[in-house]
2 protein chains.
Amino acid sequence: MAKLDFSPIADTTRRAEIVALLRRAILTGQLEPGQKLNELRISEQMRVSRAPLREAMRELVQEGILTSIPYAGTFVIEVTAKDIIDAYSLNQVLDEFAIERTWPQRDQRFFDELDRRHEAVKQATRALDTTRQIETALQLHGLIYEWADNSVLLETWQRLTSRLQMYFALHQRARNEPVPAEDVHETYVALLKGSDMRAAQRHAREHIDLDFEELLAYARGLEKRASKN
Amino acid sequence: MAKLDFSPIADTTRRAEIVALLRRAILTGQLEPGQKLNELRISEQMRVSRAPLREAMRELVQEGILTSIPYAGTFVIEVTAKDIIDAYSLNQVLDEFAIERTWPQRDQRFFDELDRRHEAVKQATRALDTTRQIETALQLHGLIYEWADNSVLLETWQRLTSRLQMYFALHQRARNEPVPAEDVHETYVALLKGSDMRAAQRHAREHIDLDFEELLAYARGLEKRASKN
DNA sequence: GACAAGCAGATTGTCGACAATCTAACAAGA
DNA sequence: TCTTGTTAGATTGTCGACAATCTGCTTGTC
């Protein structure tokens, strides 16, 4: 018997594809916060009936990036400064925990994967592909969650990631400047390879704070704009 | 204008009611782990069509208490010892965070609500209503999350609660002994009213560990039983 | 002109039927 | 006997149509 591991084949339901399409549209900012999703229009565009579309939307509502009001409609969640603060402060706590749990599990495969994902970020950065840059950066960051060997923690992180990705995408979209070309993950990766766990935890917190400041400034702008209405 | 606050009226969609019914059935253990949910049968029993039932099931899948395999079916999640360990270790971290954030927000209303919920637990305990005892104990515990003023944290806790409630219900169901009559929450409540935050955090961790030991023993039993198949 | 009642139009919620897929039992062949 | 192909039944996935609800406009009345 050959020692070949087959991975499970992809889900081939329309529902699953719709979920993926919608999620991507929301997380890249193509569907803007507060925007209403018209079931009939979308189902016609996608050439599917409303049943699988509605089921897909229910999933995304539970995932926290859509919100639904009975008989009124389903909307992309609004983003407030407080949401971003809340998400980040929780992320800091989870990061510390994930690093603590991952630390004793680190091995060569971990380091290799770390490098691989780091490389992906650098490549997206060079290509000036902002969307992909956000995606890959979050994947790099997510490695400690995948290695923490705690399924509930991983799930929680993945839920949080959806929002973080959305926040970053909105932020990037708002400012039309080019993406920062320098690599901000060098130290993070180095510390994860090192032997000082506390230092890694501290840096994770500080590094996040860095991007956070910018994001928060953007969020405050949103607030001000909203209060005018 | 009278100063009357109206709360939002209940969602009157079949879907919402189905979600509530199913969730309750799962969390009280009426639907057992691993059990398959036959759409036709359930929809006939509830006298609804399969559409709202399926949408409800999608929600519960995302909520983490159901799992779905395309063209095969939707099942109540299986419970392993590791799941319980994972949920609890995350819960400890979140507890510490929630207490830290709630601490400066405590006021008279907080203390009143704390007493009210504590009373509810004691009442359920006296009435030997195990299901309600679990429910009220988790609600008491959830107060620090509601007062932490962090919506993402609260959401995360509520997701985790579903599982914890399910684990406890299974545990209680497994052992046919009567419920412990003593009140294990006295110290917890007292510490939350006190002035030593660290002590409260420490106790939250230890107290949970207490129940945890029992739960874990039960989970290991599950493991062993499963490995025979 | 202000305001309430009532009437379209559009949109969401629900239904019953059909199509796609899986499972298990059975038959055929090596 | 074991494997492989076939088939029938059951179950899930998807569709199109209808019912319930909301929104905004119009109309009529004061």
Side-chain angles (χ1 to χ4, degrees), chain A residues 1-2 4 6-23 25-26 31-63 65-78 229, chain B residues 1 6-23 25-26 31-63 65-78 229:
Chain A
M1 175 82 81
L4 178 56
F6 286 106
S7 56
I9 64 167
D11 295 348
T12 56
T13 59
R14 298 191 195 287
R15 183 180 71 238
E17 289 192 46
I18 295 170
V19 166
L21 269 176
L22 281 182
R23 186 189 290 121
I26 296 166
L31 283 169
E32 292 176 12
Q35 190 172 340
K36 177 173 177 177
L37 278 70
N38 185 310
E39 297 177 1
L40 196 59
R41 202 165 52 75
I42 295 178
S43 68
E44 281 171 354
Q45 286 177 358
M46 290 187 178
R47 306 283 179 82
V48 295
S49 75
R50 284 172 54 221
L53 172 63
R54 282 173 59 86
E55 288 185 21
M57 284 164 73
R58 279 331 131 223
E59 289 191 23
L60 294 175
V61 166
Q62 284 308 105
E63 206 174 299
I65 60 181
L66 288 181
T67 176
S68 164
I69 303 173
Y71 289 107
T74 305
F75 308 82
V76 178
I77 57 165
E78 298 275 5
N229 305 352
Chain B
M1 176 79 85
F6 286 106
S7 57
I9 65 168
D11 294 349
T12 56
T13 60
R14 298 192 196 288
R15 184 181 70 238
E17 289 191 46
I18 296 170
V19 166
L21 269 176
L22 282 181
R23 185 189 291 122
I26 296 166
L31 283 169
E32 290 174 13
Q35 190 171 340
K36 177 172 176 178
L37 278 68
N38 184 309
E39 297 179 1
L40 196 57
R41 202 165 51 74
I42 294 179
S43 68
E44 281 169 356
Q45 286 177 357
M46 291 189 179
R47 306 284 179 82
V48 295
S49 74
R50 283 173 55 222
L53 172 63
R54 282 173 59 86
E55 289 184 20
M57 284 164 74
R58 269 346 121 212
E59 288 191 23
L60 294 175
V61 166
Q62 284 307 105
E63 207 173 300
I65 60 181
L66 289 181
T67 176
S68 165
I69 303 172
Y71 290 108
T74 305
F75 308 82
V76 178
I77 57 165
E78 298 274 5
N229 305 352

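These figures come from a predicted structure and were not determined experimentally. These values consider heavy atoms only, across backbone and side chains, with no hydrogens, waters or symmetry-generated copies. Order of the sequence lines fixes the chain letters, A, B, ..., with proteins taken first and strands second; residue numbering starts at 1 for each chain.
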Subject >> Non-hydrogen atoms of A/Arg15 and B/Ser68 that approach each other most closely >> reply: NH2-OG, 4.0 Å
**OP:** Before giving the answer on side-chain contact (heavy atoms from CB on, under 4.5 Å), spell out for B/Leu37 and B/Leu22 the whole-Å C-alpha distance, their side-chain angles and the decisive distance to 0.1 Å.
**Re:** CA-CA 10 Å; B/Leu37 278 68; B/Leu22 282 181; 4.2 Å; yes
Original post:
With a 4.0 Å cut-off on heavy atoms, is A/Arg15 in touch with a base, just the backbone sugar-phosphate, or nothing at all?
Top reply: sugar-phosphate
Original post:
Between B/Ile69 (CD1) and D/dT12 (C1'), how many Å, whole number?
Top reply: 12 Å
Original post:
In Å and rounded to the nearest 0.5 Å, what is the CD to CD1 distance from B/Glu63 to B/Ile77?
Top reply: 10.5 Å
Original post:
What distance separates A/Thr67 OG1 from A/Met57 CE, expressed to the nearest 0.5 Å?
Top reply: 10.5 Å
Subject >> Pairs touching residues 33-46 of chain A that satisfy side-chain hydrogen bond (donor to acceptor under 3.5 Å, both in side chains), sequence neighbours left out >> reply: A/Glu39-A/Arg50, A/Glu39-A/Arg54
**OP:** Give, ordered by number, those residues of residues 39-53 of chain A having at least one heavy-atom distance below 4.0 Å to an atom of DNA chain D; if nothing qualifies, reply none.
**Re:** A/Val48, A/Ser49, A/Arg50, A/Ala51, A/Pro52
Subject >> Atom-pair distance (CG on B/Leu37; P on D/dA10), nearest Å >> reply: 20 Å
**OP:** Using whole Å, report how far CE of B/Met57 lies from P of D/dT14.
**Re:** 14 Å
Subject >> Gap separating the CE atom of A/Met46 from the CD1 atom of A/Ile18, nearest 0.5 angstrom >> reply: 6.0 Å
Subject >> B/Glu32 and B/Val76, any side-chain heavy atoms less than 4.5 Å apart >> reply: no
Mind listing the N/O atom pairs, protein and nucleotides 5-8 of chain C, below 3.5 Å?
none

Subject >> B/Asn38, nearest nucleotide to its side chain (from C/dT11, D/dT12, D/dG13) >> reply: D/dT12
Original post:
In whole Å, what is the span from the OH atom of A/Tyr71 to the P atom of C/dT12?
Top reply: 12 Å
Subject >> Separation between CD of A/Gln62 and CZ of B/Arg58, rounded to the nearest 0.5 Å >> reply: 12.5 Å
Subject >> Closest listed nucleotide, where the reference is the side chain of B/Arg54 and the choices are C/dT21, D/dT14, C/dT12 >> reply: D/dT14
